[in-house]
Number of protein chains: 2
Amino acid sequence: MVPYPSNSSALEIFIQRLSAHSRLGSEEQDALLRLPVTLMRYPAHVDIVRQGTITDHACLVSEGLVGRYGQTADGKRQFLSLHLPGEMVDLPSVVAPQATSAINALAPSTVMKVPHAALREASDRYPAIAAAFWRDCVLDAAIVAQWLLNVGRRDARARTAHLVCELAVRSRNVSAAARDQFSLPITQEQMGDALGLTPVHVNRILKGLREEGLMTLARGRVVIEDWRGLTTAAEFDGAYLNGLGAI
Amino acid sequence: MVPYPSNSSALEIFIQRLSAHSRLGSEEQDALLRLPVTLMRYPAHVDIVRQGTITDHACLVSEGLVGRYGQTADGKRQFLSLHLPGEMVDLPSVVAPQATSAINALAPSTVMKVPHAALREASDRYPAIAAAFWRDCVLDAAIVAQWLLNVGRRDARARTAHLVCELAVRSRNVSAAARDQFSLPITQEQMGDALGLTPVHVNRILKGLREEGLMTLARGRVVIEDWRGLTTAAEFDGAYLNGLGAI
DNA sequence: CGGTCGGTTGAAAGCCTTCAAACGGTGTGG
DNA sequence: CCACACCGTTTGAAGGCTTTCAACCGACCG
């Protein structure tokens with residue numbers, strides 16, 4: 001068995017993530033822990049939310065890998081974000097229920113559905129929670145902005161390395177796992193959809209990174225052999241993942 | 001003189017933009033109108049905020065054109081957003097004062113600086129304002145996400161057309177100007193930095209669009225000759241600009 | 001009037017895509 | 001238990017979109 005976090009801990013990880021940028025008292029934390037949730041299971045490649053749908057709940061990843069994506073008219077797909085267990089996929093939906101992008105399970109995943117009503121209640125009652133939610137949306141947006149820089153201005157090798165570095169750091173934020181090895185149940189095609197590349201080219205790039213002794217991605221697991229080298233190849237600076245300058 | 005909105009109206013446009021997705025009572029609107037602001041002028045190509053800086057104010061564009069951007073290690077630049085007069089460039093900074101991206105004046109611009117303290121005060125006092133700010137950040141993020149799809153999955157022609165369509169719609173939201181003609185004081189190099197293209201290629205694409213009779217960009221002004229054709233070339237669907245499904 | 005900036009155009013090179021085919025692992029049905 | 005199908009990975013070859021390099025032009029400004 002892969003050491004997924006247990007179901008109940010997804011909320012705890014979420015709270016811990018919020019605490020990384022916002023001060024939450026024990027009262028607020030309790031309120032969040034008492035959030036009513038419904039567990040749902042999804043097979044790989046299945047949409048959890050379709051674009052344009054109006055939802056009444058947000059999705060917290062508990063196991064697996066979940067992403068938001070947009071699509072062009074001719075069906076080409078672009079992932080806009082990826083979410084590891086413990087991360088909220090669509091907190092923005094609390095304040096904008098009409099989905100501007102679709103949500104998809106990249107691997108078999110279990111998702112905790114949290115009603116918007118409960119989230120609004122919590123944020124109405126506790127201003128600190130409202131601020132933390134707002135801030136979390138801002139952090140999310142900062143990551144998307146980095147992806148835009150990545151896709152717009154880095155070549156395929158740096159781009160791929162950058163994504164792996166980001167997910168390595170986020171994975172460590174989320175679980176106590178070592179940064180040089182973490183679960184990433186993603187196919188090369190999905191990776192291409194996250195990087196704006198074809199699956200064929202992703203394959204060649206990964207081969208290159210492997211042969212350079214930088215990293216390996218196999219059977220849903222990333223092994224980083226040379227963190228220093230990988231961050232250099234990626235021009236990676238993780239400041240955007242933490243440094244919001246907030247309390 | 002180009003018919004820029006007068007200085008005092010930038011705040012009004014901002015309020016009107018907020019009202020498009022959030023219900024604000026007259027009391028809230030008054031509070032926003034009373035926000036203390038400082039007017040600043042910037043020449044073209046000058047940075048208003050540098051990356052990593054911690055700021056104590058947000059920037060509301062009054063005249064000109066302002067954008068956020070990120071940079072790779074070797075100096076390649078990627079605009080992450082563009083902001084027309086009446087739009088707030090960095091509302092997220094209220095809640096995350098450390099700038100994860102730089103802010104630049106693409107053309108000679110005047111900017112209203114609004115202290116974070118005043119914005120926080122207003123949003124603390126009026127929950128409707130807090131919700132509107134949050135929602136505005138979410139809308140902003142939805143636009144960045146569309147750019148990511150655009151840069152990641154559309155070819156240069158569609159990509160360029162898409163940007164112009166988006167700005168045309170946003171320009172109309174912001175002023176009463178007709179959609180088929182609006183001010184866009186941007187160079188082809190800056191456009192390349194927004195689209196993940198070289199200035200040379202932007203030039204060729206614009207030439208193509210001009211020869212197809214779709215649009216013209218000259219001397220800081222876009223003239224759309226065939227809106228239908230342009231949206232088709234761009235696969236443009238403006239739903240993401242408005243449809244948040246919020247009140 | 002020279003200098004700078006932005007726009008325009010041509011030619012060659014390069015990164016990535018497209019098209020095709022083969023391989024390995026896994027699950028299912030005979 | 002094996003055959004087969006399916007999915008994801010891997011590799012080769014050709015083509016194309018975009019970049020790079022270079023040069024020239026026009027407008028604006030000091």
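Note: hydrogens, waters and symmetry copies are ignored here, and every other heavy atom, side chains too, is used. Here is how names work: the chains are called A, B, and so on, in the same order as the sequence lines, proteins then strands, and each is numbered from 1.
- For B/E63 and B/R41, the salt-bridge test passes: some basic side-chain N is under 4.0 Å from an acidic carboxylate O.
- As rounded to whole Å, 15 Å separates atom C1' of C/dC16 from atom CG of A/D193.
- Taking every heavy atom of both residues into account, A/H83 and A/R170 meet most closely at CA-NH2, 3.9 Å.
- In this structure, A/N203 reaches the D/dT10 phosphate: one of its side-chain N or O atoms is under 4.0 Å from OP1 or OP2.
- Following rounding to the nearest Å, A/E211 (CD) and D/dT9 (C1') show an atom-to-atom distance of 15 Å.
- Taking the charged nitrogens against the carboxylate oxygens, B/E235 and B/R153 have no contact shorter than 4.0 Å, which rules out a salt bridge.
- The CD-P distance, from A/E189 to C/dC16, rounds to 19 Å in whole Å.
- Atom-to-atom, CE of B/M191 to C1' of C/dG7 comes out at 14 Å; the value is rounded to the nearest Å.
- Phosphate proximity of D/dT9 to A/R210: absent, as no side-chain N or O sits under 4.0 Å from OP1 or OP2.
- Within the 4.5 Å cutoff, side-chain heavy atoms of A/V144 are placed close to those of A/R68.
- Ring-plane geometry between A/Y69 and A/F79 is classed as perpendicular, the angle between the planes exceeding 60 degrees on a 0 to 90 degree scale with a lower cut at 30.
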Legend entry - Sequence-aligned protein contact record of nucleotides 17-30 of chain D, with B where the base is within under 4.0 Å of a protein heavy atom and S where only the sugar-phosphate is: -SBBB---------
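- The pair B/D226-B/R228 fails the salt-bridge criterion, with no side-chain N (NZ, NE, NH1 or NH2) lying under 4.0 Å from an Asp/Glu carboxylate O.
- Under 4.0 angstrom from either OP1 or OP2 of D/dC6 there lies no side-chain N or O belonging to A/H45.
- Considering only side-chain N and O atoms, A/K207 lies under 4.0 angstrom from the phosphate OP1 or OP2 of D/dT11.
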